[in-house]
2 protein chains.
Amino acid sequence: MTKTAEVILFPRNARTPAQFQQWLATVLQTFQDYLVTRGLTLTHQREAVLRCLMAAQRHLSLEDVYAEARRKDRTIGRATVFRTLRLLQECGLVAEVGSTDGRARFELKADRPHHDHMICVECGRILEFESPMMERFQDEAVKRHGFVALWHRHEIFGRCAACRRLRGRAS
Amino acid sequence: MTKTAEVILFPRNARTPAQFQQWLATVLQTFQDYLVTRGLTLTHQREAVLRCLMAAQRHLSLEDVYAEARRKDRTIGRATVFRTLRLLQECGLVAEVGSTDGRARFELKADRPHHDHMICVECGRILEFESPMMERFQDEAVKRHGFVALWHRHEIFGRCAACRRLRGRAS
DNA sequence: ATTGATAATGAAACTCAGTTTCATTGAGTG
DNA sequence: CACTCAATGAAACTGAGTTTCATTATCAAT
């Protein structure tokens with residue numbers, strides 16, 4: 001299987017600095033609210049991890065977040081990043097997404113409405129797409145089986161337009 | 001409203017012994033054909049791994065296959081099971097499916113038409129379902145982005161009807 | 001401020017599924 | 001038979017993920 005070095009996120013919708021601040025405040029508040037219900041506090045390390053994810057233009061792995069956070073604070077540890085990512089997943093702010101290199105990657109769910117992923121096996125690029133119709137039929141299928149969905153993962157692996165143009169259609 | 005045709009395929013549709021033999025022969029032939037193109041041979045160990053997967057009534061992990069194969073042949077090794085599973089994936093006979101316990105699990109793709117999975121986070125049960133409508137909208141989305149799909153993974157994690165009845169709706 | 005309780009932390013150790021190494025076996029060919 | 005090379009299993013290795021543990025930070029109650 002192809003070993004891709006990096007997962008690239010398609011550029012997110014632009015945000016003005018003011019919009020970003022607004023968004024930041026909201027998300028931080030959400031996180032803090034969750035922490036409070038657990039008797040925990042929003043420390044500067046926890047905030048740093050969340051800020052990394054919010055500023056990132058791509059899906060980050062634990063190691064990515066660790067390296068990035070460490071650039072600003074030499075003392076932050078892997079363990080804290082790990083534990084914070086777990087907290088963020090528990091409160092629903094962050095989700096793990098698929099990757100082609102065996103490392104878990106994370107994205108902010110609060111960022112954009114629900115979307116699925118197309119992952120290029122050639123270059124590792126991740127294309128995000130929405131399909132309300134698919135969501136609808138999924139909901140229907142789930143209900144039909146008496147199931148209650150908590151989260152889902154829909155990843156299509158294949159070859160993106162750019163890679164097909166470059167290398168032709170041959171496998 | 002369009003009616004989606006979903007089918008619960010687990011437990012799988014019964015096969016008569018004769019039908020099973022027919023199926024077995026076909027699948028083994030497919031595997032051997034692939035091996036030949038690579039200058040490899042269908043050894044009894046490789047056949048054993050494939051037979052385990054075909055006989056199984058559930059999704060097996062590497063360790064499951066190893067234990068099962070070892071029941072019949074004390075000498076078979078983990079490494080061979082691992083390598084055979086890789087070969088089976090390469091030739092498209094087998095696919096990795098999601099799990100809740102961190103161990104990769106495998107299923108025969110040749111067994112049934114394409115289907116997606118609902119995975120109960122409580123009991124780990126996997127419900128398989130088809131939704132042609134979802135497939136259709138997926139194809140559409142893929143085309144729209146100039147993507148060519150090779151395979152995909154659609155897993156819905158949640159709580160199955162039985163577990164909800166048992167434990168109530170509380171999280 | 002001082003104390004005591006407890007949350008939080010980072011470095012390092014540990015886990016374990018997954019993967020590779022390597023010496024040996026086996027199957028096929030000339 | 002000798003030669004080649006695929007195939008194998010045991011054991012060693014890998015590395016992302018996770019836990020441990022000694023230390024530090026926080027904060028409430030003196």
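Each chain gets a letter, A, B and so on, in the order the sequences are listed, and its residues count up from 1.
C:dA8 atom C1' lies 16 Å from atom CG of A:Leu85, rounded to whole Å. In this structure, A:Glu47 places its CD atom 18 Å from P of D:dA25, rounding to the nearest Å. Whole-Å rounding puts the A:Leu87 CG to D:dG17 P distance at 17 Å. One can place CG of B:Asp101 at 16 Å from C1' of D:dT18, the figure rounded to the nearest angstrom. Atoms CG (A:Leu35) and P (D:dC27) sit 14 Å apart, rounded to a whole Å. We find that CZ of B:Phe82 is positioned 19 Å from P of D:dA12, with the value rounded to whole Å. Taking atom CG of residue A:Asp64 and atom C1' of nucleotide D:dG17, one finds them 15 Å apart after rounding to whole Å. D:dT8 atom C1' lies 11 Å from atom CG of B:Asp73, rounded to whole Å.
For the OP1/OP2 pair of D:dT19 and a distance below 4.0 Å, the side-chain nitrogens and oxygens of A:Arg86 include at least one atom meeting the criterion. Between C:dA8 and A:Thr41, a contact under 4.0 Å exists linking OP1 or OP2 to a side-chain N or O. Within the 4.0 Å cut-off from OP1 or OP2 of C:dT9, at least one side-chain nitrogen or oxygen of A:Thr43 is found. Taking side-chain N and O atoms only, A:Arg46 has a distance below 4.0 Å to OP1 or OP2 of C:dT9.
Nearest to the side-chain atoms of A:Ala79 among the listed nucleotides D:dA11, C:dA12, D:dG17 stands C:dA12. Residue A:Leu62 has its side chain nearest to D:dG17 when only D:dG17, D:dC21, D:dA10 are considered. Closest to the side chain of A:Arg103, from the set D:dA16, D:dT8, C:dT20, is D:dA16. Side chain of A:Gln45, nearest nucleotide from D:dA10, D:dG17, C:dT9: C:dT9. Side-chain atoms of B:Leu40 lie closest to D:dA6 of the nucleotides C:dT20, D:dA6, D:dT18.
Within 4.0 Å of B:Glu63, counting heavy atoms only, lies no atom of the nucleic acid at all.
Between A:Leu108 and the options A:Leu60, A:Leu88, A:Leu50, a side chain to side chain contact (heavy atoms under 4.5 Å, CB included) holds for only A:Leu50. When the options B:His59, B:Arg103, B:Arg105 are evaluated for a side chain to side chain donor-acceptor pair (under 3.5 Å) with B:Asp64, the one that passes is B:Arg105.
Linking ILVMFWY side-chain heavy atoms closer than 4.5 Å, directly or via other members, places B:Val97 and A:Leu150 in two distinct hydrophobic clusters.
Ring geometry for A:His154 against A:Phe129 counts as perpendicular: the plane angle is over 60°, on a 0 to 90° scale with 30° as the lower cut.
Residue order along DNA chain D, read from the 5' end via each residue's closest nucleotide, puts B:Gly39 first among B:Gly39 and B:Arg83.
Inspection of the B:Glu155 and A:His152 side chains reveals no N or O donor paired with an N or O acceptor under 3.5 Å.
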